[in-house]
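Working notes, beginning with the structure itself.
Letters A, B, ... mirror the listed sequences (proteins, then strands); counts begin at 1.
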There are 2 protein chains.
Amino acid sequence: MENSSATKIFESLASGVRLDVFRLLVKQGPDGMVAGEIASTLDLPPTNLSFHLKSLAQAGMLTVSQEGRFQRYRANLPLVSDLITYLTEECCAGHPAQCADVRPSTFCTNAALPPLSSTPTKPGDSG
Amino acid sequence: MENSSATKIFESLASGVRLDVFRLLVKQGPDGMVAGEIASTLDLPPTNLSFHLKSLAQAGMLTVSQEGRFQRYRANLPLVSDLITYLTEECCAGHPAQCADVRPSTFCTNAALPPLSSTPTKPGDSG
DNA sequence: TCAATATTTCAAATATTGTTGTACTATCAA
DNA sequence: TTGATAGTACAACAATATTTGAAATATTGA
């Protein structure tokens with residue numbers, strides 16, 4: 001991931017409203033929600049919601065699909081994974097022992113994450 | 001975590017400069033870096049760096065410790081873990097099967113995350 | 001076609017952030 | 001104490017983001 005993409009994603013989450021929207025859609029899973037449902041659930045004026053949905057969708061955090069007059073939004077969870085990878089990659093670069101002191105158990109050691117310092121690769125191949 | 005804390009954290013990461021700073025400090029691990037080193041590594045004027053460091057530190061993403069004239073900054077990785085938990089909690093609430101379709105292998109199923117839909121509890125106890 | 005509904009686009013007002021230079025505090029070294 | 005270094009606080013300006021209402025677009029159903 002590039003810095004500009006990651007920045008855009010973080011910007012898209014850097015708002016109380018958009019955070020509420022995204023978390024609501026995470027909860028809904030593959031069902032997603034149409035814009036009107038989101039608006040009434042979170043008690044937002046449609047113009048304002050549309051503004052925030054656009055921001056999230058342009059960052060890639062939401063996908064949209066049209067259903068007649070409705071627009072259905074869904075959270076893009078795989079992108080969250082990519083984002084964390086970007087944020088934490090090269091953690092304690094080249095020093096697995098240090099990394100162990102610092103990492104939250106979620107990271108570095110996690111199978112889904114890319115080859116960081118804790119992978120069983122040969123040492124010394126930091127990017 | 002509360003919405004306002006999470007928003008503050010995402011705001012703190014919603015800048016190309018701050019993202020570079022944080023990732024650099026992730027790489028350094030427990031060693032961290034002093035402000036001047038960060039400034040020269042990223043080629044930033046000290047006033048500007050100070051502005052961004054403050055934002056990251058106030059959000060809790062960095063810790064600071066004084067060393068004589070120097071200020072040493074370190075990435076606070078456990079907070080990243082808390083943040084992801086907040087962002088993805090109640091994923092596909094109450095519908096583990098759906099969740100499996102959607103989640104990146106990093107989430108939901110992860111031991112470090114809170115009891116979501118994928119925990120081995122009885123089905124149908126959505127929060 | 002026409003009226004109603006769902007949602008977005010646009011424009012204007014307001015609010016918030018980012019950048020820069022200057023000044024300040026604290027520490028170091030003599 | 002003095003002068004140098006490390007870093008931050010403040011103030012001014014520039015740049016962006018957020019909110020709102022009115023208007024536009026697209027779909028539905030009579």
Side-chain angles (χ1 to χ4, degrees), chain A residues 3-25 28 31-76, chain B residues 3-25 28 31-76:
Chain A
N3 181 297
S4 60
S5 312
T7 300
K8 201 169 174 183
I9 292 171
F10 283 121
E11 278 169 356
S12 83
L13 295 169
S15 140
V17 171
R18 292 193 295 267
L19 211 39
D20 285 343
V21 169
F22 185 78
R23 281 164 34 90
L24 177 60
L25 290 171
Q28 301 307 310
D31 293 346
M33 283 176 95
V34 301
E37 288 175 320
I38 301 171
S40 57
T41 301
L42 300 179
D43 194 25
L44 293 169
T47 347
N48 189 15
L49 176 63
S50 190
F51 170 82
H52 291 298
L53 287 173
K54 189 179 174 184
S55 162
L56 284 160
Q58 284 187 344
M61 291 297 279
L62 303 184
T63 61
V64 204
S65 57
Q66 187 156 2
E67 295 182 2
R69 293 181 269 195
F70 304 89
Q71 300 286 121
R72 184 166 296 272
Y73 288 88
R74 295 180 177 86
N76 181 6
Chain B
N3 180 298
S4 60
S5 313
T7 300
K8 201 168 174 184
I9 293 169
F10 284 121
E11 278 168 357
S12 83
L13 296 169
S15 141
V17 171
R18 292 194 294 268
L19 212 39
D20 285 343
V21 169
F22 185 78
R23 280 164 34 89
L24 177 60
L25 289 171
Q28 302 307 310
D31 293 347
M33 284 176 94
V34 302
E37 289 174 321
I38 301 171
S40 57
T41 302
L42 300 179
D43 193 26
L44 293 168
T47 344
N48 190 15
L49 176 63
S50 192
F51 170 83
H52 291 298
L53 287 173
K54 189 179 173 186
S55 163
L56 284 159
Q58 284 187 344
M61 292 297 280
L62 302 183
T63 61
V64 204
S65 57
Q66 187 157 0
E67 294 182 3
R69 293 183 269 194
F70 304 89
Q71 300 287 121
R72 184 167 297 272
Y73 288 88
R74 294 179 178 87
N76 181 6

Is A:R18 touching bases, backbone alone, or none of the nucleic acid, heavy atoms closer than 4.0 Å?
sugar-phosphate
By a strict heavy-atom criterion of less than 4.0 Å, which residues belonging to residues 33-50 of chain B are in contact with DNA chain C?
B:P45, B:T47, B:N48
Give the rounded distance in Å between these two atoms: CZ of A:F51 and P of C:dT9.
12 Å
Using the side chain to side chain contact (heavy atoms under 4.5 Å, CB included) rule, pick out the option among A:D43, A:V21, A:V17 that qualifies with A:L49.
A:V21
If you round to the nearest 0.5 Å, how far is CD of A:Q71 from CG of A:L62?
12.0 Å
Has B:S50 got a side-chain atom pairing as donor or acceptor with B:P46's backbone, closer than 3.5 angstrom?
no
First-last contacting nucleotides on DNA chain D - partner chain A, under 4.0 angstrom, heavy atom
D:dT18 to D:dT28
Looking at B:R18 and B:E11, what are the two nearest heavy atoms and their distance?
NH2-O, 2.9 Å
Would you say the side chain of A:I38 lies within less than 4.5 Å of the side chain of A:L25, judging by non-hydrogen atoms?
yes
For A:H52 and B:K54, find the nucleotide of DNA chain D closest to each by heavy atoms; which residue's nucleotide sits nearer the 5' end?
B:K54
Heavy-atom check, side chain of B:V64 versus side chain of B:L53, under 4.5 Å
no
Can you find a side chain N or O atom of B:R69 that sits less than 4.0 Å from OP1 or OP2 on C:dT25?
no
Main-chain N/O of B:T63 paired with B:R72 side-chain donor or acceptor, under 3.5 Å
no
Quick one, A:L13 and B:L13 - any side-chain contact, counting heavy atoms below 4.5 Å?
no
